[in-house]
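Scroll down for the structure; my scribbles are underneath it.
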Amino acid sequence: MRKYAFRKQTRSDFDSRLKRLDPAFSKHGHKAYQKDTTPERPILCALAGFGWFYLVIGIARNKAYIQDSLLQGSLAPQHQDLVVSGLGALLAVSGVMILLHLVRFFLKSGPRRTNSRNLLMGATAALALVYTPPSVFQAGLGMMDENSRSLILAAHSTVKSSVPGVDWDKVALVTSLGQ
């Protein structure tokens with residue numbers, strides 16, 4: 001019969017046994033088995049993706065117009081450089097973030113994937129809206145009946161009357177300027 005030496009188990013003995021039995025728990029603790037509690041926000045993420053990417057596309061397409069506008073203003077030249085540098089940094093960070101959401105869409109699961117998917121869908125919708133030719137919009141307006149046209153004209157006049165002091169003939173989308 002073999003004799004075994006009994007000794008008190010130390011912390012390192014416990015950790016090595018835990019690492020053999022359950023490597024995920026030994027590395028991450030209780031977080032290894034916690035459920036992802038990220039809430040799904042499909043509409044908010046889609047709207048955020050649309051707004052964010054529409055802004056980024058507008059800035060990227062009209063860099064010369066933005067620089068001309070800054071030169072015409074009363075901002076000091078060093079501050080103009082800061083504004084242009086900040087917009088460049090926004091474009092760079094946005095590019096990295098869109099890549100991170102693509103990676104998250106392909107590698108994650110659950111609500112994180114859903115939120116990234118909706119953000120990317122909003123960004124795709126903004127991209128489609130910006131690069132759709134104006135003739136498509138004109139054709140769409142031409143296909144509307146009188147009731148729909150009158151509804152759009154009523155909404156347009158309501159907005160014009162509710163915001164006083166704005167010359168609406170001079171207001172244009174950023175993406176339509178400087179082209």
Which donor-acceptor pairs under 3.5 Å do the side chains of residues 17-29 make with protein atoms, sequence neighbours left out?
residue	atom	partner	partner atom	Å
D22	OD1	Y33	OH	2.7
D22	OD2	Y33	OH	2.9
S26	OG	P23	O	2.9

Can you give each donor-acceptor pair under 3.5 Å made by side-chain atoms of residues 67-91, sequence neighbours left out, with the distance rounded to 0.1 Å?
residue	atom	partner	partner atom	Å
Q80	NE2	L70	O	2.8
Q80	NE2	L75	O	2.9
S85	OG	D81	O	2.8

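Every residue meeting the side-chain contact (heavy atoms from CB on, under 4.5 Å) condition with V96, not counting sequence neighbours, appears here in chain and number order: L100. In terms of the side-chain hydrogen bond (donor to acceptor under 3.5 Å, both in side chains) criterion, S16 has no residue partners (sequence neighbours excluded). The side-chain contact (heavy atoms from CB on, under 4.5 Å) test applied to L47 returns I43, not counting sequence neighbours. Residues satisfying the side-chain hydrogen bond (donor to acceptor under 3.5 Å, both in side chains) criterion with N147, sequence neighbours excluded, are absent altogether. Take F50 and apply the ring pair (Phe, Tyr, Trp, His ring centres under 6.0 Å) test, not counting sequence neighbours, and it matches Y54. For T114, there are no side-chain hydrogen bond (donor to acceptor under 3.5 Å, both in side chains) partners at least two apart in sequence or on another chain. In this view, T10 and R7, S12, D13 satisfy the side-chain contact (heavy atoms from CB on, under 4.5 Å) rule, not counting sequence neighbours. Here R41 pairs with nothing under the side-chain hydrogen bond (donor to acceptor under 3.5 Å, both in side chains) rule; sequence neighbours left out.
Looking only at distances, a side-chain donor or acceptor of D145 sits under 3.5 Å from a matching main-chain atom of S148.
You'll find the side chain of W52 reaches within 4.5 Å of the side chain of L119, heavy atoms only.
For residues 108-136, the pairs satisfying salt bridge (charged side-chain N to carboxylate O under 4.0 Å, His left out) are D36-R112, with sequence neighbours left out. The side-chain hydrogen bond (donor to acceptor under 3.5 Å, both in side chains) pairs that include a residue from residues 118-127 number zero, where partners must be two or more places apart or lie in different chains.
To the nearest 0.5 Å, atom NE2 of residue H101 and atom OG of residue S116 are 5.0 Å apart.
Note: the hydrophobic cluster containing L55 also contains I57 (ILVMFWY, side chain heavy atoms under 4.5 Å, direct or indirect links). In the hydrophobic cluster analysis, where Ile, Leu, Val, Met, Phe, Trp and Tyr join through side-chain heavy atoms closer than 4.5 angstrom, L129 is grouped together with Y131. V103 is not connected to F106 by any chain of hydrophobic side-chain contacts under 4.5 Å among Ile, Leu, Val, Met, Phe, Trp and Tyr, and they are in different clusters. With hydrophobic clusters built from ILVMFWY side chains whose heavy atoms lie under 4.5 angstrom apart, V136 does not share a cluster with M144. Clustering ILVMFWY residues whenever any of their side-chain heavy atoms sit less than 4.5 angstrom apart, transitively, puts I98 in the very cluster that holds I59.
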